[in-house]
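Down below is the structure, laid out as structure tokens.
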Amino acid sequence: MKIIKNTSMQGLNIPFATPEGVKSIFLAPKQQVEISDNWKSKIVENLVHRRMIKLTHTPDPVQQPVSPSIASKATIKRTRKSS
């Protein structure tokens with residue numbers, strides 16, 4: 001994922017090329033938005049170079065598959081009773 005933050009004092013309307021087509025996002029001053037990695041824009045690259053936008057890459061959350069044997073063992077808890 002990408003986080004785009006408008007660091008300028010003016011609103012910016014930025015078009016992105018997405019797999020579904022062109023989408024445009026308006027960023028107010030000091031506002032940020034999180035977008036997918038596959039959204040591309042030459043305007044964002046230009047604004048980063050001009051220091052009007054900060055671009056931060058964050059790793060996508062990856063879930064590890066849980067095997068059924070581990071899940072069933074985790075739910076069973078045996079206790080010892082004292083007599």
Side-chain angles (χ1 to χ4, degrees):
M1 301 299 282
K2 295 180 194 175
I3 298 175
I4 298 174
K5 183 175 182 180
N6 182 1
T7 58
S8 69
M9 295 300 289
Q10 62 186 355
L12 300 170
N13 195 18
I14 305 169
F16 291 94
T18 67
E20 295 85 28
V22 177
K23 291 189 180 179
S24 184
I25 294 177
F26 177 78
L27 284 177
K30 308 299 180 190
Q31 184 184 12
Q32 69 180 19
V33 68
E34 187 172 353
I35 62 169
S36 179
D37 278 334
N38 59 1
W39 288 27
K40 307 292 182 198
S41 176
K42 293 279 187 183
I43 294 173
V44 169
E45 294 173 14
N46 185 9
L47 293 173
V48 168
H49 183 69
R50 293 168 49 190
R51 297 182 183 170
M52 294 178 70
I53 285 183
K54 286 190 178 181
L55 179 65
T56 308
H57 291 278
T58 58
D60 290 334
V62 178
Q63 291 183 335
Q64 305 238 343
V66 178
S67 66
S69 62
I70 294 173
S72 63
K73 289 180 184 177
T75 57
I76 299 173
K77 184 177 180 183
R78 297 183 183 226
T79 58
R80 295 184 184 176
K81 294 183 180 178
S82 62
S83 28

Applying a strict under-4.5 Å side-chain criterion to I, L, V, M, F, W and Y, I'd like to know whether [X] and [Y] cluster together.
X	Y	result
Met1	Ile35	no
Val33	Leu55	yes
Ile53	Ile3	no

Does Lys42 have more than 12 heavy atoms from other residues, nucleotides or ligands lying within 6.0 Å of its NZ?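 No, because the 6.0 Å sphere around NZ of Lys42 holds 12 heavy atoms or fewer from other groups.
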
Distance check, rounded to the nearest 0.5 Å: Ile4 atom CD1 versus Ile25 atom CD1?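 It is 6.5 Å, given to the nearest 0.5 Å.
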
Tell me which pairs pass side chain to side chain donor-acceptor pair (under 3.5 Å) where either residue lies in [range], with sequence neighbours left out.
range	result
residues 7-25	Asn6-Ser8, Asn13-Ser24
residues 31-41	Ser36-Asn38
residues 46-57	none

Which other residues belong to the hydrophobic cluster containing Met9, where Ile, Leu, Val, Met, Phe, Trp and Tyr are joined when side-chain heavy atoms lie under 4.5 Å apart, directly or via other members?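 Joined to Met9, directly or through intermediates: none.
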
What residues form a side-chain contact (heavy atoms from CB on, under 4.5 Å) with Pro15, not counting sequence neighbours?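 side-chain contact (heavy atoms from CB on, under 4.5 Å) check on Pro15 returns Val22, Ile43.
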
